[in-house]
Trainee: 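Have a look at this one before I ask anything.
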Amino acid sequence: MELATQYNPKEAEENHYQKWEENGCFTPEINENPNAETYSIVIPPPNVTGNLHMGHALQHTIMDVLIRRKRMQGYRTLWLPGTDHAGISVQRKVAEQLRTGENKTPLDIGREEFVRRAWKWKEEYGNTITEQMRREGASVDWSRHRFTMDESLSLAVRNVFCTLYEEGWIYRGLRIVNWCPNDKTVLSDLEVKEETRKDGKLYYLKYPVKQTAETRASASVPKFLTVATTRPETMLGDTAVAVSPKDERYKDLVGQTIELPLTNREIPIIADEYVDAEFGTGAVKITPAHDPNDYLVGTRHDLPQLLIMNDDATMNAEAGAEFEGLDRFVARKKVIEKFEELGLLEKVDDYEITLPICERCKTIVEPILSDQWFVKMDEMRDMALDLIKNEGVPHFSPQIPNEKVYTTWLENLKDWTISRQLWWGHQIPAWYDKDGNVFVAKTEEEAFEKAGTNELTQDQDVLDTWFSSGLWAFSTFGWNGESEPSAVADGLSSDSDISDNNLQPPTNAGGSDLSDLEEFCPTDVLVTGRDIIFLWVSRMMMLTKKFVDKKAFEDVIITGTVLGADGKPMSKSRGNGVDPIERFDKFGVDATRIYLASIATGADIRWNDTLIETYRNFANKIWNATRFCLMNSEGARVDLSTLENAESIADKWIISRLNKTAEEVNNALETYAFHIAVNKLYHFFWDDFCGWYIELVKDEISKEIEDENLNANESAKKSQTVARSRIITILEQALRLLHPFMPYLTEELWQKLPNTSSELHNSAYLNAEKTIMLCDFPKWSEKLMFETDERKMHKALAVISRVRNLRATYNIKHSKLVNVLLKFDKLHEIMPTTLSNDELVDIFKENFPQIAKLAKINKLSMINVDSGISITLQYVLDIKTLQYVLDIKTLQYSLDIPKSSAKTQIPGALVALPLEGLIDFEMERERFKAQINNLSNENEKLTKQLSNENFVTKAPAEKVEALQERVCEIETQLSALNQNLEALK
RNA sequence: GGGCAUAUACGUCAAUUGGUAGACAGCCUCCCUUACAAGGAGGAAGUUGUAGGUUCGAGUCCUUCUGUGCCCACCA
């Protein structure tokens with residue numbers, strides 16, 4: 001099988017997703033092991049109006065990595081997808097469509113028709129993001145896709161609302177709320193953002209104090225009281241002026257009356273702690289219906305609440321005939337003009353002001369008094385606080401600062417405004433009779449029954465979108481409040497003692513079937529962004545605890561923000577957005593995924609195309625490594641026994657490295673350190689496997705063995721086949737480790753490996769169509785651990801590196817072979833843990849063919865200081881067979897190292913390259929001095945540390961030992977280097 | 001105003017409970033060697049923002065200052 005020389009991501013991406021989905025690989029039902037543990041994640045449901053952005057791509061990658069690994073490990077896994085109905089967002093899209101298409105407003109067509117069109121819009125355009133998720137390779141169970149306005153989920157919403165109402169946790173009340181005059185709805189505090197304007201003004205308005213006999217008599221009572229305001233139009237709704245009770249200036253004014261200009265009203269001057277005497281004029285106009293603080297002052301002093309605006313922020317009749325119908329900003333101008341005419345405008349200062357703006361439409365929010373529904377948060381807050389303080393749930397990753405942010409927010413929690421003046425969403429299940437009595441019920445019929453009349457109208461508002469998403473962790477699993485989960489739990493033998501004749505795979509009948517709830521709730525982990533810890537995470541925690549008495553999830557992974565290349569959050573207005581789909585097209589889905597996974601958990605990151613390019617290259621590297629293996633795969637098969645039975649040092653080394661990599665990847669993923677897993681995999685594939693191992697075994701597995709009839713050749717053929725199987729098996733195992741990160745590439749390549757079949761699957765999936773995504777995920781195994789061989793191989797690799805280094809230093813042509821002398825020192829005598837010289841000799845003997853090839857060596861001589869003998873290895877041409885054979889000469893004396901050699905030191909030996917006529921002695925001396933200098937510095941530092949009694953007694957023994965060994969190494973090397981430096985003089 | 005985070009090689013980022021500072025890209029030298037030029041061999045490059053402190057030992061813990069960023073509250 002011949003592969004293209006470059007990896008084409010698109011091809012692989014088109015080949016597999018559909019097959020996986022069709023074969024049911026994403027559903028938990030594919031798992032045939034009835035005793036399998038479950039692992040579940042619910043997706044943060046993206047808005048139906050949404051397009052995939054980098055934040056999604058990042059979060060989805062992490063969730064997919066977690067799910068794919070657990071699935072491979074044999075867990076019954078469920079990653080549940082879904083979308084959110086996104087109230088305001090859809091409402092605006094549909095309104096826009098109406099406006100541009102038919103030049104109509106929602107009011108023109110009425111609520112019913114509007115909602116119908118919203119559903120139509122959702123059917124037509126709401127699938128963009130789910131299609132994009134398929135491209136990402138997200139292994140979600142599409143058969144369990146949920147939408148927050150699905151029938152069952154809507155029923156859940158109504159039931160939750162009714163229950164909370166009956167228990168007194170939901171109430172209706174007049175409050176100052178954040179009103180968006182554009183969307184004509186209330187916003188929760190969390191939906192209001194801020195904008196700082198430098199061109200703000202602070203207006204100083206003179207309010208005439210009503211003159212009475214008394215005030216005229218008193219010299220201390222001024223004629224005017226000046227108030228400062230940034231919103232002068234609200235003066236039309238003033239019902240008092242407040243001063244600080246401690247303010248001596250105004251002491252005598254308290255209790256007097258203001259003749260409010262532009263109105264015929266008289267309002268009192270009151271004293272209230274709220275006023276800061278130091279700020280402005282020390283006198284504050286009080287508008288209880290249009291300012292949250294004024295509202296509070298108003299309630300304390302029992303002031304009237306005068307609403308002067310309509311829901312579109314135009315002035316209403318209460319503002320006076322002159323102002324009625326004017327927009328708030330037009331009214332503002334007019335108020336100022338009037339004050340100026342009356343000579344009551346004292347001054348106007350420039351003032352930097354921060355305005356509350358609607359998060360979605362950027363309209364300036366108007367605080368307004370209105371009737372809304374609220375959820376009382378005190379008990380819920382305590383419940384959530386208990387969980388995190390006593391049980392550490394949820395456990396945040398990273399813990400700092402998220403846990404603190406979460407608890408602090410909870411501690412200061414205010415009641416939650418849940419009504420929204422929209423048509424798209426869950427209409428509040430409350431009905432009113434003619435007298436305004438409220439009947440909260442699950443259905444209209446029930447409300448009729450409660451009211452004893454059919455003359456009811458339903459509340460026109462819908463619920464905050466987060467109300468339904470707050471139920472997401474259990475409503476998606478079939479809970480809708482119609483049957484109690486505990487009853488079902490008793491009926492199911494959910495965990496222990498499942499008898500063998502009762503082994504039914506769980507069904508997913510839907511409806512009020514609660515088996516999914518039993519099985520998959522609580523979910524294992526939630527992956528989401530910082531921005532919705534309050535909006536969503538906390539509310540799921542509270543509502544799940546309240547309604548199904550479970551923890552919604554144990555762990556929460558908070559991802560960082562993917563910033564634009566300029567280091568600022570991506571936004572349309574900044575134009576620094578990076579489109580994931582574009583990156584998929586350019587670099588491949590897999591490269592994008594693994595780059596996103598390489599970001600440290602929770603850290604913000606600037607987008608950087610050069611790094612994603614690195615992973616594109618990485619994919620190509622793996623592609624080509626596989627290509628090489630396949631080119632030499634005749635007779636080979638994936639066979640795990642070739643790993644356990646490996647004999648050569650090089651084989652054991654790579655197997656041990658693979659084993660360690662599996663361990664590290666597993667450990668990293670257990671602790672959500674995705675970037676460490678990526679790092680280890682990258683290094684294993686590129687450096688260990690491609691950089692060294694393929695080069696080490698290349699000749700062995702690719703050489704042509706011509707005549708199999710000869711006995712010798714037959715056995716050579718056999719061992720070559722084993723070697724070929726071995727490298728394929730190592731590759732296959734490594735591909736499995738990489739699969740969660742790069743699903744397409746690994747599947748594409750795995751399918752091409754010889755002899756892959758569903759027999760390689762985890763035992764839970766033996767009957768499934770063959771795919772890498774159901775193979776067992778490799779784990780650390782004692783049988784594959786070869787520590788000593790790893791150390792031995794490092795010696796051989798070190799020699800190759802040092803020789804290459806010397807060759808580069810002296811510009812030796814790649815084609816020119818060199819002779820190399822190794823002079824062993826007595827390091828092992830001082831350091832018992834080190835390899836003995838005899839062992840070293842064996843290593844170099846065994847790996848001579850590879851060393852010779854990779855370092856371009858003709859003759860390698862080893863001078864064994866202990867025994868005074870020398871061994872020379874060399875390939876010589878055998879005249880009879882015309883083949884190169886290894887010639888080993890043993891001499892009973894120490895060979896001399898020619899003076900004109902390039903030399904360098906590895907632990908345990910001096911490496912020398914005789915280079916007659918090429919050696920620049922001055923350069924050599926400088927190199928030696930530099931090496932000696934470096935080592936001496938290190939030595940000095942370490943010796944000082946080791947002579948410190950505190951260190952030796954307090955530091956861990958291994959640490960001290962390691963340092964001592966290093967000192968031995970350094971000293972041995974130093975003495976050798978000094979000797980050689982002397983010899984150069 | 002309150003709380004929090006962050007500052008590491010020109011750049012983007014790592015460094016798991018304190019234990020000899022790493023990766024990639026870029027740069028310099030060399031090589032189109034039959035898996036891969038999206039490649040290979042080698043090299044240079046950091047007083048870990050600042051000033052102190054704790055410790056045998058600090059990028060990591062504490063404090064100061066400076067820069068940057070985030071969250072919350074308030075802003076008459």
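The sequence lines fix the lettering, A, B, ..., with proteins before strands; numbering per chain opens at 1. Atom set for the values below is all heavy atoms of this structure, side chains included, hydrogens, waters and symmetry mates excluded.
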Trainee: With a 3.5 Å cut-off and no angle check, do the side chains of Trp623(A) and Gln6(A) form a donor-acceptor pair?
Mentor: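 Note: Trp623(A) and Gln6(A) side chains miss the donor-acceptor criterion.
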Trainee: Rounded off to whole Å, could you give me the CG-to-C1' distance for the Asn178(A) and A73(B) pair?
Mentor: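 Going from CG in Asn178(A) over to C1' in A73(B) covers 13 Å.
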Trainee: For U29(B) versus U68(B), give the span between their C1' atoms, rounded off to a whole number of Å.
Mentor: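 Per the computed distance, 39 Å lies between those C1' atoms.
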Trainee: Searching all strands shown, indicate the nucleotide that pairs with G1(B) (Watson-Crick or G-U wobble; both distances under 3.5 Å).
Mentor: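 Paired with C72(B).
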Trainee: For the side chain of Pro401(A), starting at C-beta, report the closest nucleotide among C74(B), A38(B), C4(B).
Mentor: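 For the Pro401(A) side chain, the nearest candidate turns out to be C4(B).
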Trainee: Roughly how far apart, to the nearest Å, are U54(B) and G67(B) at atom P?
Mentor: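 To the nearest whole Å, 28 Å.
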Trainee: Return the nearest nucleotide to the side chain of Asn620(A); candidates are C56(B), A35(B), A38(B).
Mentor: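 Output: A38(B).
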Trainee: Identify the pairs formed between an N or O of the protein and an N or O of nucleotides 24-34 of chain B at a distance under 3.5 Å, and give each distance.
Mentor:
{"from": "C24(B)", "atom 1": "O2'", "to": "Thr614(A)", "atom 2": "OG1", "distance (Å)": "2.5"}

Trainee: In terms of ring plane angle, is the pair Tyr672(A) and Phe674(A) parallel, tilted or perpendicular, where the classes change at 30° and 60°?
Mentor: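 Aromatic pair Tyr672(A)/Phe674(A) classed parallel.
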Trainee: Are a donor atom and an acceptor atom from the side chains of Tyr7(A) and Asn624(A) found within less than 3.5 Å of each other?
Mentor: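 Result is no, nothing qualifies.
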Trainee: Say whether Thr234(A) and Lys285(A), considering side chains only, have a donor N or O and an acceptor N or O under 3.5 Å apart.
Mentor: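 A pair is found: one side chain offers a donor N or O, the other an acceptor, under 3.5 Å apart.
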Trainee: Do the side-chain N and O atoms of Tyr406(A) and Glu411(A) include a donor-acceptor pair separated by under 3.5 angstrom?
Mentor: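 Checked: Tyr406(A)/Glu411(A) side chains show no N/O donor-acceptor pair below 3.5 Å.
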Trainee: Thinking salt bridges, do Lys660(A) and Glu664(A) make one under a 4.0 Å N-O criterion?
Mentor: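 No salt bridge links Lys660(A) with Glu664(A).
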Trainee: Output the single nucleotide from C36(B), C71(B), U20(B) whose closest atom is nearest the side chain of Arg627(A).
Mentor: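 Between C36(B), C71(B), U20(B), the one nearest the side chain of Arg627(A) would be C36(B).
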Trainee: When the P atoms of C32(B) and G46(B) are considered, how many whole Å apart are they?
Mentor: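 That atom pair is separated by 32 Å.
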Trainee: Before accepting this row, confirm whether a basic side-chain N of the pair Asp247(A)/Arg249(A) lies closer than 4.0 Å to the acidic partner's carboxylate O.
Mentor: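 So Asp247(A) pairs with Arg249(A) through a salt bridge.
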Trainee: Indicate the atoms forming the closest heavy-atom contact of Ala673(A) with Thr601(A), along with that distance.
Mentor: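 Scanning both residues, the minimum pair turns out to be CA-OG1, 4.3 Å.
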Trainee: I'd like the C1' distance from G18(B) over to G57(B), given in whole Å.
Mentor: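 G57(B) and G18(B) have their C1' atoms separated by 8 Å.
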Trainee: Which nucleotide, if any, forms a Watson-Crick or G-U wobble pair with A15(B), using both distances under 3.5 Å?
Mentor: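 Pairing partner: none.
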Trainee: Rounded to whole angstroms, how far apart are CG on Asn402(A) and P on C70(B)?
Mentor: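 The answer, rounded to whole Å, is 16 Å.
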Trainee: Rounded to whole Å, how long is the line connecting atom CG of Asn632(A) with atom P of C36(B)?
Mentor: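 The answer, rounded to whole Å, is 12 Å.
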Trainee: Write down the distance separating the C1' atoms in A15(B) and U60(B), rounded off to the nearest Å.
Mentor: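 The answer is 9 Å between these two C1' atoms.
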Trainee: Could you check how far CD of Gln6(A) sits from C1' of A35(B), rounded to whole Å?
Mentor: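 Rounding to the nearest Å, CD of Gln6(A) and C1' of A35(B) are 12 Å apart.
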Trainee: Taking A37(B) as the reference, what is the distance to C31(B) when you measure between their C1' atoms (whole Å, please)?
Mentor: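 Taking atom C1' in both C31(B) and A37(B), they lie 11 Å apart.
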Trainee: Could you please name the partner base of U6(B), counting Watson-Crick and G-U wobble pairs only when both distances are under 3.5 Å?
Mentor: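 Looking at the geometry, U6(B) pairs with G67(B).
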Trainee: In terms of side-chain heavy atoms of Lys568(A), which of C74(B), C13(B), G69(B) is nearest?
Mentor: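 Output: G69(B).
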Trainee: Atom pairs under 3.5 Å, N or O on each side, protein against nucleotides 40-48 of chain B: can you list them with distances?
Mentor:
{"from": "G40(B)", "atom 1": "OP1", "to": "Lys621(A)", "atom 2": "NZ", "distance (Å)": "3.0"}
{"from": "G40(B)", "atom 1": "OP1", "to": "Trp686(A)", "atom 2": "NE1", "distance (Å)": "2.7"}
{"from": "G43(B)", "atom 1": "OP1", "to": "Asn805(A)", "atom 2": "ND2", "distance (Å)": "2.8"}

Trainee: Return yes if the base of A35(B) and the side-chain atoms of Glu695(A) contain a donor-acceptor N/O pair under 3.5 Å, otherwise no.
Mentor: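 Present.
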Trainee: Is the closest side-chain donor-acceptor distance between Ser702(A) and Asn632(A) under 3.5 Å?
Mentor: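 Judged by distance alone, the side chains do not pair up.
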Trainee: Find out whether Leu296(A) and Tyr274(A) are in side-chain contact, i.e. whether some heavy atom of one side chain is under 4.5 Å from a heavy atom of the other.
Mentor: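 Counting from C-beta outward, Leu296(A) and Tyr274(A) never come under 4.5 Å.
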Trainee: Provide the Watson-Crick or G-U wobble partner of C27(B), both distances under 3.5 Å; none if there is no partner.
Mentor: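 Partner of C27(B): G43(B).
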Trainee: Please enumerate all residues that pass side-chain contact (heavy atoms from CB on, under 4.5 Å) together with Thr561(A), with sequence neighbours excluded.
Mentor: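 Result, side-chain contact (heavy atoms from CB on, under 4.5 Å) vs Thr561(A): Arg530(A), Leu563(A), Asp604(A).
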Trainee: Has the side chain of Thr5(A) got a donor or acceptor atom sitting under 3.5 Å from an opposite partner on the base of C36(B)?
Mentor: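 Under the 3.5 Å cut-off, the side chain and the base do not form any donor-acceptor pair.
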Trainee: Go through C56(B), U20(B), A35(B) for me and flag the one nearest to the Ile694(A) side chain.
Mentor: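 Comparing C56(B), U20(B), A35(B) against the side chain of Ile694(A), the answer is A35(B).
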